[in-house]
A.B. asks: 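Here you go, one structure.
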2 protein chains.
Amino acid sequence: MSDVKVTINDIARMAGVSKRTVSRVINNSDKVGKKTKELIDKIIAETGFVPDKQARGLASSRSYLLGLVYDNPDALYIDEVQRGVLDYCSNGGYELVVHPCSYKSEDLIANVLSFVKRSKLDGIVILPPASEIDELGATLDDNNIPYIRIVSGRSENAENFVVSNDGQAVFELVDFLITLNHEKIAMITGPMNYRSSKERFSGYKVATEKAKLNLPQNYVVEGTNQYISGIECANVLLDLPERPSAIIANNDEMAAGALKVAVAKGIKVPEELSICGFDDNLLASRIMPQLTTARRPVRQMAKAAAKKLIAKIENGNPSVIVEEVVVAPKVVIRESTAALSPKT
Amino acid sequence: MSDVKVTINDIARMAGVSKRTVSRVINNSDKVGKKTKELIDKIIAETGFVPDKQARGLASSRSYLLGLVYDNPDALYIDEVQRGVLDYCSNGGYELVVHPCSYKSEDLIANVLSFVKRSKLDGIVILPPASEIDELGATLDDNNIPYIRIVSGRSENAENFVVSNDGQAVFELVDFLITLNHEKIAMITGPMNYRSSKERFSGYKVATEKAKLNLPQNYVVEGTNQYISGIECANVLLDLPERPSAIIANNDEMAAGALKVAVAKGIKVPEELSICGFDDNLLASRIMPQLTTARRPVRQMAKAAAKKLIAKIENGNPSVIVEEVVVAPKVVIRESTAALSPKT
DNA sequence: TTGTAGGCGTTATCAC
DNA sequence: GTGATAACGCCTACAA
């Protein structure tokens, strides 16, 4: 109730013990007499005492601050991640400090390191594509900074990763199209130096090969994940002599670009052309026709990342730390895909 | 170069002065001999010394942490704001801690207060609609917590506000439609308990009255700012006996909903119906036809907010603190609006 | 199980 | 202008 700041000394005095004992209670030490602990807990509750983070940090070199490092233009994705991490943060009294940065920048690693050190962050969550930089992970390891990388594909070391199995989702998307009698299935990939792009493309590759679709090389075009790039790539694809009947884009933005091109060329979607995106962005359900796409459980992934990260920081439950977290994006079927009349 | 942590004591020893003097240099005290200052600055530069934030905070009860408080579902807006604040943060060595919260929650104020206190935040930036709650501002004042509220309309106290003149933008939008010979101009407003909604509506009201359009009451429908609400409201509007020839929506989301309804009803946009949004969201340039809308300089506003906030925290330049910051959203003309053939 | 003493890195007080 | 010295609130050997 009282509004003046109550410190560990106050608690100690009120409980008639030394502050060392109060400290033990705060930090859940098991070496405190049951009665003593109960008394102290009671007083803490009554006074509303909360240990001062800065003092705590100064003494134990911790900050109760988590960092979020990202070089990703997708605001919706970022927002989901922030909320996901925060979903778990409250558990341990952590706060989230955000840090957008530039993937291309040569000093990204130094930049991140400085970010962590100048605020003594307890750990960081890194989003793709920055999370794909192995050197960053190595540097963090060298500096003993706990981190979790959120990536696409498989993780070689479960301890530091939360993984989204994008390849599987694209595989399912292609499979779905095949069910719809599509054979001429093209793909607009993301930048192929991104792991997420490789991963999604591999889903396409595996699925089309498994179905023995035997597609020409030029059915695969590399885009940049941007809307404009979707337009450019779709223009190439839809001008092909043997026009694809379906296009899978590496993300919704490019799918929207492809849709735009189709409309411009008078190609009916989905009657004459099926289009799939990836992300289930805001866009996906707003454009007409609504996009068939794949949705990652982003918030859930972020929450899992926070859980692992905090476990690492606090040397908590080892099973949480080493547990492999792999989530599967879910195919969302909407209006931009339709069955092709089977050829005779 | 060296990687071990260098402290103020090291600097003091190397400079042959007391740490109090080094402290003075760090804090730009003017009571330091020029030569002494130069020497110390040199050593600081050489060693790469950076004062420890926690220790500093513990001693001066500051954290060099800024908070961002928001209850706003618009991820794109949030992201822009974060980047804008960060644009300025680097100047003073501040970091940004994010805090989404619930506008409706009864304990919002207590929640925000706890957020600030538990991390000893130096100040916060509050986004609409949470920023519209005067009681929150008052509580913050009571607790001596520096803050900036980003709001629509006019600010009664320039010191604590950064303002976007949304009404003016809607006025211009209506004016533009009138130029296009539109007279039957309807509006889907936002929730009328939001200041931003009132503000935008007032732009509509003033413009239509000024042009003596004499519109029926039922040309104004209150929405919730959500896509689905745009659909519902547009359904009402477009079923009116005297159908509007233009609809202004309180945001792009609802404008997208209105567009959807028009398409469903076979009403051609923009030939038979013009539609305007507000925000210039991602959506606006992706849907077809692309939306005519209004764009706020969000990032710039956020940067201005950070500048004011830091000035307040540091008791800096009074002119910055009291300066009125009012920005004007810009009308962006795209494809969803067109001229009506003038009646004869 | 509990307490004592010292330290974490900085700023604030007050004297010189 | 400059410097001891004491906070700031907590943690952690070490001792009892």
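Naming convention: chains lettered A, B, ... in sequence-line order (proteins, then strands); numbering from 1 in each chain.
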A.B. asks: Excluding sequence neighbours, so at least two apart, what forms side-chain hydrogen bond (donor to acceptor under 3.5 Å, both in side chains) with B:D52?
C.D. replies: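 B:D52 satisfies side-chain hydrogen bond (donor to acceptor under 3.5 Å, both in side chains) with A:K120 once adjacent residues are dropped.
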A.B. asks: Is it the case that the side chains of B:S60 and B:R56 hold a donor-acceptor pair, with the cut-off being a distance below 3.5 Å and no angle test?
C.D. replies: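 No donor-acceptor contact under 3.5 Å links the two side chains.
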A.B. asks: Check this for me: does any side-chain nitrogen of one of A:D87 and A:R83 sit under 4.0 Å from a carboxylate oxygen of the other?
C.D. replies: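 Salt bridge flag = no for A:R83 with A:D87.
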A.B. asks: Applying side chain to side chain contact (heavy atoms under 4.5 Å, CB included) between B:I148 and each of B:L127, B:I310, B:I126, B:L309, report the one that passes.
C.D. replies: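 That would be B:L309.
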A.B. asks: Mind checking side-chain hydrogen bond (donor to acceptor under 3.5 Å, both in side chains) for B:N160 and listing every partner two or more places apart, or none if nothing turns up?
C.D. replies: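 Testing B:N160 for side-chain hydrogen bond (donor to acceptor under 3.5 Å, both in side chains), a comparison that skips the adjacent residues, returns B:Y147, B:K312.
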A.B. asks: Just to confirm, is there a sub-4.0 Å distance from OP1 or OP2 of C:dG3 to any side-chain nitrogen or oxygen of A:T21?
C.D. replies: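 Checking A:T21 against C:dG3: at least one side-chain N or O falls below 4.0 Å of OP1 or OP2.
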A.B. asks: Answer yes when A:E46 and A:K42 have at least one side-chain N-carboxylate O distance shorter than 4.0 Å, and no when they do not.
C.D. replies: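 So A:E46 pairs with A:K42 through a salt bridge.
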A.B. asks: For the pair B:S319 and B:N317, evaluate side-chain hydrogen bond (donor to acceptor under 3.5 Å, both in side chains) and give the outcome as yes or no after the intermediate values.
C.D. replies: CA-CA 5 Å; B:S319 69; B:N317 197 328; 2.6 Å; yes
A.B. asks: To the nearest 10°, let me know how far the axis at one end of the helix from C:dT1-D:dA16 to C:dC16-D:dG1 is tilted from the axis at the other, five pairs an end.
C.D. replies: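 One end axis against the other gives 30°.
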A.B. asks: Look at all strands and tell whether B:S61 reaches a base, only sugar-phosphate, or nothing, counting heavy atoms closer than 4.0 Å.
C.D. replies: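 Nothing: the residue B:S61, judged by heavy atoms under 4.0 Å, touches no strand.
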A.B. asks: Tell me every residue that passes ring pair (Phe, Tyr, Trp, His ring centres under 6.0 Å) with B:Y64, counting only those two or more places apart in sequence or in another chain.
C.D. replies: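 Once residues adjacent in sequence are excluded, the partners of B:Y64 under the ring pair (Phe, Tyr, Trp, His ring centres under 6.0 Å) criterion are B:Y94.
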A.B. asks: Anything under 4.0 Å to a heavy atom of chain A counts; send over the first and last such nucleotide of DNA chain D, read 5' to 3'.
C.D. replies: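 Reading along DNA chain D, I get D:dG9 to D:dA13.
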A.B. asks: Using a cut-off of 4.0 Å between protein heavy atoms and nucleotide atoms, how would you tag nucleotides 8-16 of chain C 5' to 3' with B, S and -?
C.D. replies: BBBBBB---
A.B. asks: Supply the atom-to-atom distance A:R24 CZ to A:S18 OG, rounded to the nearest 0.5 angstrom.
C.D. replies: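 The distance works out to 7.0 Å.
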A.B. asks: Should we count NZ of A:K307 as having more than 12 external heavy atoms under 6.0 Å?
C.D. replies: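 Incorrect, the count does not exceed 12.
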